[in-house]
Amino acid sequence: MENEATLEAVESALVKLDLDAKTRLLQGQDMWSLPALPEIGLDSLVMSDGPVGVRGVFWSPDDPSILLPSPTAMAATWDPELVARAGVLLAQEARRKGVHLLLAPTVNMHRTPVGGRHFEAYSEDPFLTGAIGSAYVRGVQSGGVGTTVKHFVANDAETDRFFVDNIVSPNALRELYLAPFETIVRDARPWAIMSAYNSVNGTTMSEHDELLNGILRGEWGFDGCVVSDWMGTRSTVGAILGGLDIAMPGPRSIYGELLAAAVDRGEVDESVVDDAVRRVLLLAARAGVLEGAPAAVTEFPAAVDGRALTRDIARRSFVLARNDARGDAPVLPIDAADTTVALIGLAARDARVLGGGSAMVFPESVISPLDGLTAALPEGALSYSVGATLSDEMGAAERGFELRARCYDADGTLLRELDLPSGMVTWMGTLPEGIDYAALHTIEVLGTFTPRASGSHRFGTKGLGQFTLTVGDETLFEGDQALESTDPFELFFGAPKDRGAVELAAGTPVEVVLKHTPVKMEGSPIDIVSFSLGHREPQQDPEQLMAEAVEAAKQADVAVVVVATTEQVESEGFDRTTLNLPGRQDELVARVAAANPRTVVVVNAGSPVEMPWRNDVAAVLLSWFPGQEAGAALADVLVGLAEPGGRLPTTWPATLADCPVTDVTPVDGKLVYTEDLFIGYRAWDRSDAVPAYPFGHGLGYTSWAYEGVERDGDAISVTVRNTGSRRGREVVQVYLAPVDAEAGRPARALVGFATVEASPGATATATITLPRRAFEIWDESRRSWAHRPGSYDLQVGPSSADRPLTLRIEIVE
Ligand code: BGC
């Protein structure tokens, strides 16, 4: 609860504001910030994405940030304390960049692996999501920076994400989709929540009175701000009455003048506006930008070494799904002093460190698996080959390009010339100094390209408007480019359009010019200039690539194949239709495994992929999107300097067809959650299909025996013994199974977990407190939680599918 001084400062600021100032304060002044109101001593409050780093207000490599592993990886640590430390690091980054409110964490559910933002959310289980999300919020906010828990609620897929109406039963909504939000609001008290784009049961989330005012504020006591998702608002009166405090971005939004006019017309009572302004002022006070109000945090936590923590989290998140014996020992870890390694895969050189969309940040540097293993192994012990390309799609022009942009007005007067770090131009809200959006007419991206390889280089364009693309003396394209969907953020997603090829020689520079006259989108709340010059290297002969990799694998003691998804596979803005690895990577793994029985496959993907070869290789290590220290962490784990500590936060299916939900295409605008309570392991538990790897699964470098479980009231203690030969860490999981499960209800649910460490031969005891909610189910007829006395089995073990200990308990009224 806030202290008196804060509440007084908020009230005395509020009374000084007229309606115009109040309604201006409820909308962005640009893409990322609220207006300052000097008359009340209020500074501008700055927001930034979230969740794996703090991008800041510029979308550019010029403004780098620490890049943590993907949220799926964070959840795979099953370690709230570690995640809280990541939060402290993020707050440190936010303060460095002048950011007050982080647009994270994403706590939507893994309803299906096809969800495009699966990598950005934590788990298929609401309890694990709530525990990890709470820790993240606690960590960030302990550093004096706010969090915006998103996207409230049921934003579990991307198809038609702005308009889809998700139809969810009261029980599924309460017990699965709202549950992590409820835990986080009650336990960690976030300063803000972001409303989702979608509708739930017929009402769009930025105006959902029942969910925002009724449940979030009324039942759970949320006292923070509700912030809209970007361009996710629909109507002025609906939003303010429905519970939305801040409309983002601005300066042209449904609030501001439109809200003042609605008050003047008597459609909205000014007291409703006052309530929203109070909450924004409270947020500002907490963040330390309201004069006279003490900030929530005045002494910051000790500085965190960002790179060391990022490396540690990555190691702790890697899930060793399989580690088969070869000879008398499992293939991993390898003996660094005495093993030759054939490292294979494009992603081993060009590591995939994060997923696509608004979660993107620009790390200062990235350690690839090739860098990491080169440093970890003796000279001459490592070979590298590409093996297979990942996709035929084009990326933004980067390597070998030296580019600048010249901005002109309609008369051809030069407004500004500036250097570009790549062929991607993303100016949102704030344009580079000296460029006035209204005056800006044409941008010329020009410079040189010096190819690394000779051959046929392809070039392309991405954006909305008119383009002329010239390479050397060839004009490859002259014409208009339009958007292909209704998603206004399409400008940021997807690949450039291929406009043709030019034969170029390695090392010989060529002039490149892309002239672009952007279409200025009518009614857009912000000023946007977003377009790219695309480029694709000449493709090498796929057969030859594969043959080289197979040959290298034959020559080495161990083959390490890094397979990956691409930005065109895992991103915000669209969903997947298949879980296959792109390109010929499956064939690559199969052929390498046939050539070398000690083949280790590292899966560099933020969410599940099909692995048809998984039983034919010696080891499978899931590395998620590991963040900027990817290769260093991978080398640590492969050579055994660290144990892979992760456990699956979500089931990895053998094939998409086996999954409980396989399609997220709305029908007539509606997406019905027909599976009800049965997502994740709740569904797999009643299915005939067996997943590739179950929820909770993950091996370390030692082994464990589950020796005993005891209960004392709400406290459960579990004793495990390290039966292997090295010290290790185990994630002890407790599932609760009603002895006579009611029809239509899952057989079991995760109700607790704890990590323990022990040396060889030693025992350790995990202590887990059972939450009261474990014995409750939602009763819609009474609109309350109903306590369920009766007999339950506490099932304890290392995964949802492996529960060696059971303790029968009786719960009384
Ligand atoms: C995303 C949000 C993000 C916002 C700002 C939206 O498209 O859904 O998660 O915070 O953009 O980048």
Side-chain angles (χ1 to χ4, degrees), residues 27-28 30-34 45-60 63 65 70-71 90 94 97 99-109 115-122 133 136 140 145-164 166 181 190-199 204-206 225-233 244 246-250 253 354-362 426-430 483 485-494 524-526 528 530 570-575 606:
Q27 67 172 1
D30 54 25
M31 187 72 173
W32 303 114
S33 67
L34 297 184
L45 184 118
V46 180
M47 314 177 190
S48 166
D49 289 309
V52 289
V54 183
R55 192 174 57 241
V57 299
F58 302 107
W59 194 293
S60 160
D63 188 18
S65 358
S70 56
L90 289 166
K97 291 188 161 205
V99 167
H100 309 105
L101 187 65
L102 196 61
L103 304 171
T106 303
V107 302
N108 296 115
M109 298 301 295
R117 294 179 89 167
H118 200 277
F119 69 88
E120 206 189 310
Y122 294 128
Y136 183 101
V140 174
V145 171
T147 54
T148 314
V149 187
K150 64 191 189 184
H151 309 81
F152 189 74
V153 62
N155 184 177
D156 310 300
E158 295 294 281
T159 307
D160 198 18
R161 64 179 176 152
F162 277 77
F163 301 105
V164 60
N166 293 322
F181 286 98
W191 298 358
I193 295 274
M194 186 185 290
S195 59
Y197 286 134
N198 50 274
S199 294
T204 191
M205 277 312 305
S206 58
C225 281
V226 176
V227 182
S228 76
D229 198 350
W230 267 232
M231 305 194 200
T233 57
L244 183 81
I246 300 176
M248 288 302 290
S253 88
L354 82 177
S358 64
M360 279 180 69
V361 301
F362 299 88
T426 309
W427 299 331
M428 281 187 302
T430 331
L483 290 186
S485 82
T486 53
D487 192 324
F489 292 108
E490 192 197 305
L491 282 174
F492 310 116
F493 310 133
S524 164
I526 50 155
I528 300 185
S530 178
E570 285 186 80
S571 171
E572 180 178 334
F574 50 85
D575 294 307

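The basis for the numbers below is simple: all heavy atoms, side chains too, and nothing from hydrogens, waters or symmetry mates. The model shown is predicted, which means the values in this text are computed figures rather than measured ones. Start at 1 and go down the list; that is how both ligands and their atoms are numbered.
Put simply, the side chain of T148 never gets that close to the backbone of I193: no donor and acceptor are under 3.5 Å apart. Without hydrogens or angle criteria, S48 side chain to G56 main chain gives a donor-acceptor distance under 3.5 Å. Side chain of Y197 to backbone of W230: a donor-acceptor contact under 3.5 angstrom is found.
Residue-level proximity to ligand 1 for M31 is absent, since no heavy atom of it falls below 4.0 angstrom. At a 4.0 Å heavy-atom cut-off, ligand 1 touches R161 through the side chain alone.
Classification of K150 and D229 as a salt-bridged pair fails, no side-chain N sitting under 4.0 Å from a carboxylate O.
Ligand 1 has an N or O atom lying under 3.5 Å from an N or O atom of Y197, backbone or side chain. Between W32 and ligand 1, a contact under 3.5 Å exists for no N or O pair.
Note on ligand 1: E120 sits outside its first shell, no heavy atom being nearer than 4.0 Å. Heavy-atom distances between M194 and ligand 1 reach below 4.0 Å in at least one pair. Ligand 1 lies within reach of E572, whose nearest heavy atom is under 4.0 Å from it.
Under the salt bridge (charged side-chain N to carboxylate O under 4.0 Å, His left out) criterion, E158 pairs with R161, not counting sequence neighbours. S70 meets the side-chain hydrogen bond (donor to acceptor under 3.5 Å, both in side chains) test with T72; sequence neighbours excluded.
Listed by atom number, the atoms of ligand 1 under 4.0 Å from R117 heavy atoms are 1 (C), 2 (C), 8 (O), 9 (O). Close contacts of ligand 1 with K150, meaning ligand atoms under 4.0 Å from a residue heavy atom, involve 2 (C), 3 (C), 9 (O), 10 (O).
For the residues D49, D229, V227, T148, the heavy atom positioned nearest atom 6 (C) of ligand 1 is part of D229.
The shortest heavy-atom contact between A104 and G50 is CB-CA, 3.8 Å.
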